[in-house]
Amino acid sequence: MNRSTIQHFDPDPERLAIIRECMEDYGVADSDSEWTNNIFSKKAVVYGSGVIAKEGQIVRHNVAVDELALCKRLAKEVCTLMQGVDVGMGSESSDPFGEFFIVANIDDPVPEIIDEALIKSKFNGIIFPSVTMTVEPLEESGKWWSEVEADGSGEEEYLSRWRAMIAWFHAQPEFIDRAFVRIGEYGAIKELNQVSESLFMIETPGCVFPRMAIGLTKNGSLVGIFGFSVQT
C-alpha cells in the first residue's frame with residue numbers, strides 16, 4: 001500500500017511545553033549543566049511529530065500522514081477524558097495531564113510491547129541516565145495504581161475518572177499494548193544523589209517526575225497522556 005508520508009518537521013514549542021517542567025532546573029544549576037534539579041535534559045527538543053531528541057542530533061522523519069492524524073486524535077480523546085484530573089501520585093503540586101504522542105516512522109521496526117528499553121529509545125537520550133523507571137500494565141494493580149488509590153482514598157468520583165481512562169485505552173483497537181510509566185521518584189533519586197556525586201556531579205537531584213499513560217499502536221507509535229509528580 002502506498003502511504004503518503006511527511007519527511008520534515010520543525011521543532012514544535014507546543015509539544016515541548018508538555019515536557020518542559022521536567023527539563024527546568026529552577027535556577028539552581030550552572031548554565032552549562034545538562035541535568036541538575038531536572039529529569040529531562042535541558043537540551044531536549046520536540047518535533048511536530050512528537051519525536052524527541054537533543055539539540056543537534058540528526059533526526060530522520062518518514063511519518064505516515066494517517067498515522068500522525070491517528071495519534072493526534074487518540075491523544076486528544078484521552079486527554080479530554082482526564083480533563084480536570086490532577087496527575088497527583090504523591091505530588092506537591094496540582095497539575096493536569098497533556099496530550100502526548102511520538103509518531104513512528106513508516107519504516108521503523110515495530111515493537112511488540114512497551115518496556116523500559118522502548119521508552120529510553122523513544123526519548124533519545126534526554127532522560128537522566130541513572131533515574132529509576134517502572135513500566136507497569138495499565139490495570140488496577142501495581143505501584144502506579146496504589147499511588148492513585150492513595151490520592152483518591154474515599155473519593156469514588158476521582159477513582160472513577162482513572163478507571164474510565166484505563167477502560168478507554170483497552171477499548172481502542174489501534175493499540176497492541178498499554179502501560180503506565182513512572183520515571184523517577186523522590187526516595188530513589190535522593191538515595192542516588194548520595195552515592196553518585198563522582199558519576200554525575202549532581203548537587204541537586206530532580207524533583208519533577210514524569211508520569212505517562214500510553215498505548216502502542218500497530219505501527220509502533222506511542223500515544224497517550226503525559227504529566228508529572230512534584231516531590232521534594
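Owing to the predicted nature of the structure, the values given are computational and were not obtained by experimental measurement.
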ask   = Think Arg15 forms a cation-pi with Phe101, using NZ or CZ under 6.0 Å from the six-ring centre and within 45 degrees of its axis?
value = yes
Taking all atoms of both residues into account, what is the closest heavy-atom pair of [X] and [Y], and its distance?
| X | Y | value |
| --- | --- | --- |
| Ile176 | Glu112 | CD1-O, 4.0 Å |
| Ala44 | Met23 | O-CE, 3.7 Å |
| Tyr158 | Val148 | CE2-O, 3.8 Å |
| Val63 | Ala104 | CG2-O, 4.2 Å |

task = Report yes if the distance between the aromatic ring centroids of Phe169 and Phe175 is under 6.0 Å, otherwise no.
result = yes
task = Could you tell me whether Tyr47 and Phe9 have their ring centroids closer than 6.0 angstrom?
result = no
task = Under the side-chain contact (heavy atoms from CB on, under 4.5 Å) rule, what do Trp35 and Asp25 come out as? Steps first, then yes or no, please.
result = CA-CA 8 Å; Trp35 287 288; Asp25 63 27; over 6 Å; no
query = Salt bridge or not for Glu174 and Arg73, using N-O below 4.0 Å?
reply = yes
key: His61 vs His8 side-chain heavy atoms within contact, under 4.5 Å   = no
key: Result of checking Trp168, Phe97, Trp145 against Trp162 for ring-ring contact (aromatic ring centres under 6.0 Å, His included)   = Phe97
key: Greater than 12 external heavy atoms within 6.0 Å of Lys72's NZ   = no
